Engineer: 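This is the structure, below, for whatever I ask next.
For this chain, numbers begin at 1 and follow the sequence in order. Basis for what follows: all heavy atoms, side chains included, without hydrogens, waters or symmetry-related copies. From a predicted model like this one, the values you see are computed outputs, not experimental measurements.
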Amino acid sequence: MNNLSQEGLADWAGPILQGALTTLEIAVLAYAIGLALGLVGASARLSPWAPIRGLATLYSTAVRAVPELLLIILLYYAGSQALTAVTNAMGFSGQVAINGFVTAVGVLAFVQGAYMTEVLRGAILAIPRGQLEAADAFGFSAWARFRRIVVPAMLPNALPGMSNLWLILIKDTALISVIGYSELFFTIQQAAASTRAHFLFYAAAGVIYLAMTLSSTALFARLERYLRRGQPTTEET
């Protein structure tokens with residue numbers, strides 16, 4: 001590594017670190033909102049009422065069929081134009097712009113919710129029917145049954161899928177760079193363009209994303225072991 005590359009890396013170390021933190025902020029918020037949407041969506045998919053099931057199915061199917069990049073561009077540009085038109089029609093003048101951070105969290109959470117819906121629905125369907133019938137026989141309320149029976153039985157089955165969605169989400173945050181928001185990948189692009197040390201900075205980006213995903217995988221593996229404590233292992237069965 002020559003002196004110019006070393007100086008460039010030192011100059012950009014702070015912005016790159018800030019970009020990495022911004023990436024994690026976007027991912028954590030989007031994942032939390034997506035998890036909430038997934039719980040609602042899974043409950044709706046399993047609803048006894050056909051119209052609710054139909055709406056939930058339409059949501060999960062349509063959103064999973066559309067590229068995230070298209071949704072980001074639509075919300076950021078078309079959404080801003082639509083909001084401007086609405087506010088102008090209400091008598092307010094000026095342009096309304098949707099913030100890049102809001103766009104990132106909103107779109108990624110919306111997409112995560114669709115995938116999470118199917119992951120959680122499958123995990124709920126894997127719960128032995130007898131456990132739910134026993135809860136009903138003991139007079140559990142819907143909330144008590146969900147909290148004491150459904151969630152503990154669902155999570156071990158759902159966690160592998162939830163882990164995969166988190167890893168995908170971390171990588172999908174790079175899509176936000178198309179609207180010029182300063183997350184990790186956009187910052188790396190700026191650093192590489194300004195210093196012309198493309199290999200250095202893109203390799204650094206790969207190392208940072210790898211560190212994020214490997215540490216996340218280790219945390220999910222530890223959480224899965226905790227949730228499956230007391231359950232028979234594959235060797236025992």
Engineer: Mind checking whether E224 and P156 have side chains closer than 4.5 Å, heavy atoms only?
Structural biologist: no
Engineer: Do L184 and V207 sit in one hydrophobic cluster, given that two such residues count as connected whenever their side-chain heavy atoms are within less than 4.5 Å of each other, even indirectly?
Structural biologist: no
Engineer: Say whether L219 and Y226 are linked into one hydrophobic cluster, either directly or through other cluster members, by side-chain heavy-atom distances under 4.5 angstrom.
Structural biologist: no
Engineer: As a quick check of understanding, evaluate side chain to side chain contact (heavy atoms under 4.5 Å, CB included) for L46 and L125, giving each step before the final call.
Structural biologist: CA-CA 9 Å; L46 298 172; L125 290 175; 3.7 Å; yes
Engineer: Sub-3.5 Å donor-acceptor pair from the side chain of R121 to the main-chain atoms of T117, do we have one?
Structural biologist: no
Engineer: Quick one, T173 with F186, criterion side chain to side chain contact (heavy atoms under 4.5 Å, CB included). Give me CA distance, side-chain angles, the key distance, then yes/no.
Structural biologist: CA-CA 10 Å; T173 57; F186 181 79; over 6 Å; no
Engineer: Out of curiosity, Y115 OH to R64 CZ, how far, rounded to the nearest 0.5 Å?
Structural biologist: 7.0 Å
Engineer: Checking W12 against S194: is there a side-chain donor and acceptor pair closer than 3.5 Å?
Structural biologist: yes
Engineer: With a 6.0 Å cut-off (strictly less than), is the heavy-atom count around CZ of R53, excluding the residue itself, greater than 12?
Structural biologist: yes
Engineer: Give the minimum heavy-atom separation between A30 and L108, together with the two atoms involved.
Structural biologist: CB-CB, 3.8 Å
Engineer: How far does OG1 of T103 sit from CG of L71, to the nearest 0.5 angstrom?
Structural biologist: 11.5 Å
Engineer: Identify the two heavy atoms, one from T187 and one from G19, that lie closest to each other, and give their separation to 0.1 Å.
Structural biologist: OG1-CA, 4.2 Å
Engineer: Can you say whether the rings of Y31 and F220 are parallel (under 30°), tilted (30 to 60°) or perpendicular (over 60°)?
Structural biologist: perpendicular
Engineer: Do I149 and V151 share a hydrophobic cluster, counting only Ile, Leu, Val, Met, Phe, Trp and Tyr and linking them when any side-chain heavy atoms are less than 4.5 Å apart?
Structural biologist: yes
Engineer: Quick check for you: to the nearest 0.5 Å, what is the distance between S182 atom OG and I188 atom CD1?
Structural biologist: 12.0 Å
Engineer: Please find the pair of heavy atoms, one from A158 and one from A123, that lie closest to each other, and give the distance.
Structural biologist: CB-CB, 3.6 Å
Engineer: Give, for atom CG of L165 and atom CD1 of I170, the distance between the pair rounded to the nearest 0.5 Å.
Structural biologist: 11.5 Å
Engineer: Check whether any side-chain heavy atom of L37 sits under 4.5 Å from a side-chain heavy atom of M116, and report yes or no.
Structural biologist: no
Engineer: Mind listing the closest non-hydrogen atom pair of A114 and Y59 along with its distance?
Structural biologist: N-OH, 3.1 Å
Engineer: Would a 4.5 Å heavy-atom cut-off, applied to side chains only, mark I124 and N157 as touching?
Structural biologist: no
Engineer: Determine the interplanar angle of the F185 and Y202 rings, folded into 0 to 90°, and report it as parallel if under 30°, tilted if 30 to 60°, perpendicular if over 60°.
Structural biologist: tilted
Engineer: Decide yes or no on side chain to side chain contact (heavy atoms under 4.5 Å, CB included) for Q112 and L169, but give the supporting numbers first.
Structural biologist: CA-CA 8 Å; Q112 278 285 302; L169 177 60; 3.8 Å; yes
Engineer: Does a side-chain heavy-atom distance below 4.5 Å link L39 with F146?
Structural biologist: yes
Engineer: Taking the side chain as every heavy atom from C-beta outward, state whether Q131 and P128 have any pair of such atoms under 4.5 Å apart.
Structural biologist: yes
Engineer: Report yes or no: do L223 and V28 belong to one cluster of Ile/Leu/Val/Met/Phe/Trp/Tyr joined by side chain heavy-atom distances under 4.5 Å?
Structural biologist: yes
Engineer: Which residue in the set V178, I179, D172 passes side-chain contact (heavy atoms from CB on, under 4.5 Å) when paired with I176?
Structural biologist: I179
Engineer: Could you tell me the separation between the CG atom of L24 and the CG atom of L29, rounded to the nearest 0.5 Å?
Structural biologist: 11.0 Å
Engineer: Students often mix this up, so state it plainly: with edges at 30° and 60°, are the rings of F101 and Y181 parallel, tilted or perpendicular?
Structural biologist: tilted
Engineer: State, yes or no, whether a side-chain contact exists between I16 and I208 at a heavy-atom distance under 4.5 Å.
Structural biologist: yes
Engineer: For T57, check side chain to side chain donor-acceptor pair (under 3.5 Å) against everything at least two apart and list the hits.
Structural biologist: R45
Engineer: Nearest 0.5 angstrom please: S60 OG to E118 CD, how far?
Structural biologist: 4.0 Å
Engineer: Using side-chain hydrogen bond (donor to acceptor under 3.5 Å, both in side chains), reason through T22 and E183 one step at a time and then give a plain yes or no.
Structural biologist: CA-CA 5 Å; T22 301; E183 43 71 56; over 6 Å; no
Engineer: Is the shortest heavy-atom distance from the side chain of M162 to the side chain of L155 under 4.5 Å?
Structural biologist: yes
Engineer: I need the minimum non-hydrogen distance between V63 and F110, along with the two atoms involved.
Structural biologist: CG2-CE2, 3.4 Å
Engineer: Looking only at non-hydrogen atoms, find the nearest pair between G79 and I98 and report the distance.
Structural biologist: C-CD1, 3.7 Å
Engineer: Starting from V107, can I reach V102 by hopping between I/L/V/M/F/W/Y residues whose side chains sit under 4.5 Å apart?
Structural biologist: yes
Engineer: With a 4.5 Å cut-off on side-chain heavy atoms, are L35 and L120 touching?
Structural biologist: yes
Engineer: Within a reach of under 6.0 Å around CZ of R148, are more than 12 heavy atoms found that belong to other residues, nucleotides or ligands?
Structural biologist: no
